[in-house]
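First up is the structure itself, then whatever we jot down about it.
Given the structure is predicted, the values throughout are model-derived calculations rather than measurements.
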Amino acid sequence: MIIEFRCEREHARRWMDRETLSIDGRDVPLQIAWTATTESRPTGLDALFELERMVLHRGQHSGAGKLKIIPERTQARAGTADVIVDFTGAARDPNCSARLYLRPLFNGAAGENAALAAILAGDLPVIDIVNEVDNTVLDRGHPSGEIAAGLSGALETVMARTLTMVAAILSERPRIVPQLARPAGNRIGLQPAAYVARGLAVSIAKEIYRLCCYAPHWHIGWRFNDGAGVWQTGNLSGPGWNVLADPGHRFYADPFPITWQGRTFVFFEDLDHRIGKGIISAIEFNDAGPVGDVVPVLEEPWHLSYPFLIESDGALWMIPESSVHGDVALYKCVRFPDKWERHATLLSGLELADVTITQHNGLHYLFGAWRDGTGGYSDSLAIYYAERLLGPWLPHASNPVLIDRASTRPAGNFVTIDNKLWRPIQDCADGYGAALALAEIVELSPTTFKQSVRHSLKPGPAWPGRKLHTLNRCGRLEVIDGSRVEPKAHAFASKFPSTALAPRTNPSAAC
């Protein structure tokens with residue numbers, strides 16, 4: 001297979017400087033055909049990118065940076081391309097014989113200017129990959145921008161996820177073209193200079209915020225509910241939410257409750273702001289609420305979070321997120337709740353966040369937010385399946401099955417209601433962890449996947465925190481989490497009882 005990228009010579013970017021494309025772990029050779037520019041770019045764009053490199057990216061080059069063309073690489077290698085990926089806005093040559101002519105569209109338009117227009121309007125664009133041979137849409141996605149600093153960072157993120165989609169198509173595995181949960185809206189765009197100025201102001205504000213506050217500072221909400229819960233109502237109404245008190249310099253997130261051996265505990269991520277690394281801790285609950293102290297239960301040299309729990313073969317197991325370690329590890333409880341031993345590695349050599357498992361039609365299905373080393377962390381869903389918890393785990397035929405920041409990342413346990421399978425998801429359309437959504441699984445097999453988002457949950461009167469992130473329930477006990485502003489002075493004052501601030505025990509303290 002001969003792959004050819006068509007790119008504009010006058011606006012060559014560093015992300016185009018490649019001789020291969022990674023497809024299913026194989027580095028497939030590609031050639032670059034440099035073409036004439038069909039549309040001018042905003043005046044001073046490269047100068048603005050350079051300013052961002054120095055100020056926002058701490059002097060590091062980004063993929064959106066200008067590429068100096070090496071003369072001997074300006075010509076495509078000999079041979080007629082089987083596949084052309086055209087990143088320009090020029091029309092396709094009707095006499096082109098390539099079997100696939102892929103055109104990335106950004107909010108429905110071709111070329112880098114279309115991507116820039118969407119970004120300058122305040123959002124990352126929806127990406128469609130169209131085969132112009134027959135005008136079919138082969139894939140669609142909406143990238144997330146957690147790491148997209150400035151105009152150049154946003155453009156790099158968009159192009160990185162575009163390459164993810166192109167590689168998935170060229171793998172020749174079946175693609176599932178999704179209906180996005182929240183399509184991009186039309187907004188009034190900013191001029192490049194104004195966009196960068198806004199980005200710089202936001203960066204300065206964030207630095208001041210980090211100096212004065214712990215950010216983000218997640219906290220766990222809990223309540224006892226004898227009636228209809230969040231899954232039944234589709235909202236956060238009902239009994240008031242209480243906040244699990246924390247020491248201020250540590251935050252608690254990703255709560256997973258379970259009753260085991262006659263005792264109920266909530267397991268959660270416990271992160272120390274001072275070192276920036278999380279461990280897994282737990283606290284016991286009785287009929288009145290939390291009792292006793294928070295107990296550390298699992299620590300590794302790397303960051304741990306999202307302690308997914310599952311019962312199988314008479315034992316209790318945990319799969320904490322360890323995406324920074326590049327694997328999905330299974331731990332066995334050898335003494336409840338505070339002693340766990342690593343038992344197996346279910347998957348290795350990949351970044352997979354917030355792993356959550358369900359059983360459906362005789363198989364185990366493992367969901368996780370997947371990342372191929374570039375782009376955002378919350379927009380790509382990968383599924384694996386196995387007959388047993390210990391595996392072997394096989395990839396879904398269409399991985400990544402979904403690229404959509406609003407409906408991808410897991411947010412807690414699957415539930416079954418009226419014989420229908422549901423899952424909570426993180427809606428990151430307005431930023432990481434900004435909201436929750438409840439999605440019904442319409443189709444799920446080793447070769448199919450379809451979900452439909454039925455409810456959206458956002459902070460409000462029932463939960464006045466800044467974000468919503470995880471949802472779980474165990475019997476009467478419902479748990480969620482969100483974030484609040486946590487001034488560092490609070491944590492400092494808590495060390496001195498005479499000046500300590502009153503503990504926060506209700507969500508009205510969140511902001």
Please check if the side chain of Arg223 supplies one atom and the backbone of Pro239 the other of a donor-acceptor pair under 3.5 Å. yes

With the side chain counted from C-beta on, respond yes when Val243 and Trp222 share a heavy-atom pair under 4.5 Å apart, and no when they do not. no

If you draw a 6.0 Å radius around CG in Asn286, do more than 12 non-hydrogen atoms from other residues or ligands fall strictly inside? yes

Taking every non-hydrogen atom, the tightest pair across Ile425 and Ala406: CD1-O, 4.1 Å

Please step through side chain to side chain contact (heavy atoms under 4.5 Å, CB included) for the pair Thr136 and Leu138, ending with a clear verdict. CA-CA 6 Å; Thr136 56; Leu138 301 182; 3.5 Å; yes

Just verifying a value: how many Å separate Asp128 CG and Asn107 CG, rounded to the nearest 0.5 Å? 9.0 Å

Any donor-acceptor pair under 3.5 Å linking the side chain of Thr264 with the backbone of Trp260? no

Any chance the side chains of Asp372 and Thr374 put a donor and an acceptor closer than 3.5 Å? yes

What distance do Phe449 atom CZ and Ile383 atom CD1 have between them, rounded to the nearest 0.5 Å? 4.5 Å

Less than 4.0 Å between a side-chain N and a carboxylate O, is that true for Asp379 and Arg161? yes

With respect to Phe256, which candidate in Phe265, Tyr306, Phe267 satisfies the ring pair (Phe, Tyr, Trp, His ring centres under 6.0 Å) definition? Tyr306

As an exercise, state the distance from CG of Leu438 to CG of Leu436, rounded to the nearest 0.5 Å. 7.5 Å

Side-chain donor-acceptor pair under 3.5 Å between Glu146 and Ser378, yes or no? yes

Roughly how far, to the nearest 0.5 Å, is CG of Asp427 from NE2 of His455? 14.5 Å

Please find the pair of heavy atoms, one from Pro257 and one from Val479, that lie closest to each other, and give the distance. CD-CG2, 3.7 Å

Any donor-acceptor pair under 3.5 Å linking the side chain of His360 with the backbone of Ser445? no

Test item: Trp393 side-chain N/O and Leu389 main-chain N/O as donor-acceptor pair under 3.5 Å: yes

Ion pair check, Glu443 and Lys450, cut-off under 4.0 Å: no

Using a 3.5 Å distance criterion without hydrogens, assess whether the side chain of Trp231 forms a donor-acceptor pair with backbone atoms of Ala228. no

Polar side chain donor-acceptor pair, Ser348 to Thr345, under 3.5 angstrom: no

Let me know which of Trp463, Trp218, Phe251 forms a ring pair (Phe, Tyr, Trp, His ring centres under 6.0 Å) with His469. Trp218

Quick one: do Arg405 and Asp123 satisfy salt bridge (Lys or Arg N to Asp or Glu O under 4.0 Å)? Show the steps, please. CA-CA 12 Å; Arg405 64 193 188 183; Asp123 201 359; 2.7 Å; yes

For Val137 and Asp139, what are the C-alpha separation, side-chain angles and deciding distance, and is it a side chain to side chain contact (heavy atoms under 4.5 Å, CB included)? CA-CA 6 Å; Val137 177; Asp139 209 348; over 6 Å; no

On a heavy-atom basis, which atom in Asn399 and which in Arg175 lie closest, and how many Å separate them? O-NH1, 3.6 Å

Looking at every heavy atom in both Thr259 and Gly262, which two are closest together, and how far apart are they? CG2-C, 4.5 Å

Under a 3.5 Å threshold, yes or no: a donor from one side chain and an acceptor from the other, between Asp327 and Ser322? yes

Polar side chain donor-acceptor pair, His303 to His325, under 3.5 angstrom: no

Gap between atom CG of Leu309 and atom CG of Asn413 - 0.5 Å precision: 7.5 Å

Between Asp226 and Arg476, the two heavy atoms sitting closest are OD1-NE, 2.7 Å

Looking at Asp272 and Arg274, is there a salt bridge between them, counting it only when a charged N and a carboxylate O are closer than 4.0 Å? yes

Looking only at atom types and distance, does a side-chain atom of Ser305 sit under 3.5 Å from a main-chain N or O of Glu269, one as donor and one as acceptor? no

Side chain to side chain contact (heavy atoms under 4.5 Å, CB included) between Leu116 and Leu151, worked out: CA-CA 8 Å; Leu116 289 170; Leu151 185 61; 4.1 Å; yes

Examine the side chains of His219 and Asp246 and answer whether a donor and an acceptor come within less than 3.5 Å of each other. no

Heavy atoms, side chains only, cut-off 4.5 Å: are Ile357 and Ile319 in contact? yes

Heavy-atom distance under 4.5 Å between the side chains of Leu366 and Val355, does that happen here? yes

Taking the six-membered ring for Trp, are Phe414 and Tyr365 ring centroids under 6.0 Å apart? no

Does Gln232 have more than 12 heavy atoms from other residues, nucleotides or ligands lying within 6.0 Å of its CD? yes

Checking side chain to side chain contact (heavy atoms under 4.5 Å, CB included) against Leu444, which of Leu421, Asn361, Leu363 comes through? Leu421

Do Asn472 and Glu478 have side-chain atoms, one donor and one acceptor, less than 3.5 Å apart? no

Considering only heavy atoms from C-beta outward, does the side chain of Pro307 approach that of Tyr331 to under 4.5 Å? no

Check the pair Thr470 / Ile480 against side chain to side chain contact (heavy atoms under 4.5 Å, CB included), numbers first and verdict last. CA-CA 5 Å; Thr470 311; Ile480 59 174; over 6 Å; no

Near-ring test Phe308/Trp317, centroid separation under 6.0 angstrom: no

Any side-chain heavy atom of Val295 sitting closer than 4.5 Å to one from Asp338? yes

Within this structure, what is the CG-CD1 distance for the pair Leu381 and Ile403, rounded to the nearest 0.5 Å? 10.0 Å

Have Glu52 and Ser152 got a donor and an acceptor in their side chains that come within less than 3.5 Å? yes

Charged N to carboxylate O below 4.0 Å: is that the case for Lys277 and Glu299? yes

For Pro255 and Asp481 the tightest heavy-atom approach is CD-OD2, 3.6 Å

Salt bridge Glu311-Lys332, side-chain N to carboxylate O under 4.0 Å: no

Tell me whether Gln426 contacts the main-chain N or O of Pro410 through its side chain, where contact means a donor paired with an acceptor under 3.5 Å. yes

Under 3.5 Å donor-acceptor, Arg388 side chain and Pro392 backbone: no

Quick one: are Gln179 and Val453 in side-chain contact, heavy atoms under 4.5 Å? no

Decide yes or no for Gln451 and Arg423: does some side-chain heavy atom of the first lie under 4.5 Å from some side-chain heavy atom of the second? yes

Is any side-chain heavy atom of Leu390 closer than 4.5 Å to one of His343? yes

